[in-house]
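Heads up, the thing below is written out as structure tokens.
Just follow the structure's listing: the first ligand is 1, and inside any ligand the first atom is 1. Side chains are part of it too, since the values below use all heavy atoms of this structure and drop only hydrogens, waters and symmetry mates.
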Amino acid sequence: MKIALIGCGFFAQNQLHAWRDIEGAEVVAVCDRDAARLSETSQAFAIARRYTDAEAMFAEGGFDAVDIATTVASHRPLVELAARHGVHVICQKPFALNMADARAMVAAVEATGKILMIHENFRWQSPVRAAIEALRGGAIGTPFFGRVSFRSGYDVFSGQPYLAEGERFIIEDLGIHILDIARALFGDVTQITATTRRINPKIRGEDVATMLLHHASDVTSVVDCSYATQRQPETFPESLLEIDGTEGTLRLDAGYRLTIQRGGENVVRDVSPPVLDWASMPWHNIQESVLLIQQHFVDCVRAGRVPETSGQDNLQTFGLVEAAYLSARARRSVRMDEI
Ligand code: NAD
Ligand code: 89V
């Protein structure tokens, strides 16, 4: 599979490493409107075709899929450009600026018959995956309560300065992943109630969000996120889980410890992710998930299968982001059919 990548920034470096690890996948062209970043990345990964203009790259063609690794404002024009050229698309989260754009992008790619997958990678982190598989396998019976929690004081702003500048921060950037994990565990959501706070005075958006979800499966879940939590040990970037089911409980605790209790038995597993040879701690958890989700994309394209985090699927996760902001602003619960 020949791939072109757009956006040679902070996170794309992980995506480029991961593509190199996937058999049969090759990045043949890269694009960034910032010439210095383009030159540095194309040299580091020895990619001969380089462009500062995505239109020019598509005009020359020669690739089957495009990996859009830019920030959100450029997603709609780039996804629509890709649709006009009939290639498969993998696009970073947050997928869109608003629901109308998200729906338009899904429709544009659907009309071509090609695959659109959102790079929603947190559900692909191997510790989270172990919990999802245990739950789906019936390890604790039928779940009725869940908590999906991400609380940290890690400085994300030095690597991603734009995160300090936007009107929206934690729900759009990080909460989106944590809400997606809740969907992967408990299914789609019918109603959400959210509160937000800004604790760090140096940033513009909210850095604390607490969300109460009602799922169609009748599970109640709490999704809580914070980048204002000063504690030791620092758990960035771990998502912690606490799930009650009709037959037992499941916990994913700090240090990647998965505990399943059922019928008097207590099974504890170390589900630490591997540190890939290009990865570095503490990002190794996220970096491994990049490899796993990109492998999933390649597998789905080859088999003609819809990816787990397809554009269509992500309308639900992105819809939760929109609903959470509406709930926090209007100080009321929001039904998902309002979004
Ligand atoms: P970044 O600002 O470091 O990099 C984005 C790059 O895209 C820049 O170099 C910019 O010049 C380029 N770009 C923007 N618009 C362009 C266009 N129209 N044509 C060509 N180049 C263009 O951003 P980042 O931190 O790498 O984040 C990129 C995306 O990845 C964001 O949407 C972010 O939310 C996401 N992200 C995801 C994860 C994850 O775990 N899934 C982690 C970090 C970031
Ligand atoms: O995954 C992300 O989107 C990142 C981070 C983990 C720092 O929030 O921006």
Side-chain angles (χ1 to χ4, degrees), residues 4-18 29-42 50-58 66-82 90-97 117-125 128 150-166 168-181 203 205-207 209 225-228 234-239 273 279 282-294 297 309 314 317-318 321:
L5 179 139
I6 308 175
C8 299
F10 171 78
F11 204 69
Q13 310 305 311
N14 297 317
Q15 296 174 219
L16 286 162
H17 276 294
V30 278
C31 169
D32 199 301
R33 59 188 177 195
D34 178 326
R37 280 190 159 181
L38 177 67
S39 161
E40 205 177 302
T41 300
S42 55
R50 48 190 78 160
Y51 302 83
T52 49
D53 174 19
E55 298 251 9
M57 183 174 78
F58 275 100
V66 66
D67 184 359
I68 299 173
T70 59
T71 41
V72 62
S74 54
H75 288 176
R76 181 167 178 181
L78 293 175
V79 168
E80 288 180 343
L81 178 63
I90 172 168
C91 178
Q92 259 298 347
K93 50 57 66 178
F95 182 30
L97 289 169
M117 185 182 91
I118 310 310
H119 192 124
E120 182 39 79
N121 52 326
F122 270 40
R123 66 161 79 189
W124 287 97
Q125 291 171 6
V128 172
F150 185 106
R151 311 194 75 77
S152 168
Y154 186 85
D155 172 24
V156 286
F157 309 108
S158 54
Q160 297 163 268
Y162 59 91
L163 294 178
E165 292 153 16
R168 295 171 160 196
F169 168 42
I170 201 167
I171 299 177
E172 180 183 76
D173 181 68
L174 182 276
I176 195 167
H177 293 307
I178 312 306
L179 289 164
D180 189 69
I181 292 175
I203 67 168
E206 83 292 350
D207 52 2
C225 311
S226 164
Y227 270 127
E234 169 57 69
T235 53
F236 179 88
E238 293 181 49
S239 303
W283 284 84
H284 62 296
N285 179 28
I286 290 181
Q287 288 164 316
E288 188 213 11
S289 73
V290 170
L291 174 60
L292 296 178
I293 195 172
Q294 290 179 190
F297 177 74
T309 57
N314 201 259
T317 295
F318 183 68
V321 169

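- Residue Gly7 approaches ligand 1 through these ligand atoms, each under 4.0 Å from one of its heavy atoms: 6 (C), 7 (O), 12 (C).
- In this structure, a donor-acceptor pair under 3.5 Å is present between the side chains of Glu234 and Ser152.
- In the candidate list Arg37, Gln160, Lys93, Arg37 is nearest to atom 1 (P) of ligand 1, counting heavy atoms.
- By the 4.0 Å heavy-atom criterion, Ala69 is counted among the residues contacting ligand 1.
- Between Phe95, Tyr162, Trp124, it is Tyr162 that holds the heavy atom closest to atom 33 (C) of ligand 1.
- For ligand 1 and Ile286, the ligand atoms under 4.0 Å from any heavy atom of the residue are 40 (O).
- Each of Lys93, Phe122, Val156, Gln160, Asp173, Leu174, His177, Tyr227, Trp283, Ile286 has a non-hydrogen atom positioned under 4.0 Å from some atom of ligand 2.
- For the residues Ser74, Pro77, Pro161, the heavy atom positioned nearest atom 18 (N) of ligand 1 is part of Ser74.
- The aromatic ring centres of Tyr51 and Phe58 sit 6.0 Å or more apart.
- Counting only heavy atoms of the protein, atom 40 (O) of ligand 1 lies nearest to Asn121 ND2, 3.1 Å.
- Not a single heavy atom of Ser289 sits closer than 4.0 Å to an atom of ligand 1.
- In the candidate list Asp32, Asn285, Asp53, Ile6, Ile6 is nearest to atom 19 (N) of ligand 1, counting heavy atoms.
- Remark: distances from the non-hydrogen atoms of Glu120 to ligand 1 are all 4.0 Å or more.
- Under 4.0 Å from ligand 1, heavy atoms of Arg33 appear from its side chain as well as its backbone.
- Between the side chain of Ser289 and the backbone N or O of Ile286 there is at least one donor-acceptor pair closer than 3.5 Å.
- In this structure Arg151 satisfies the salt bridge (charged side-chain N to carboxylate O under 4.0 Å, His left out) test together with Asp224, sequence neighbours excluded.
- Taking all atoms of both residues into account, the shortest heavy-atom contact from Gly7 to Ala69 is O-CB, 3.6 Å.
- Between Ala12 and ligand 1, no N or O atom pair is found at a separation short of 3.5 Å.
- For the residue pair Gln15 and Asp67, a side-chain donor N or O sits within less than 3.5 Å of a side-chain acceptor on the partner.
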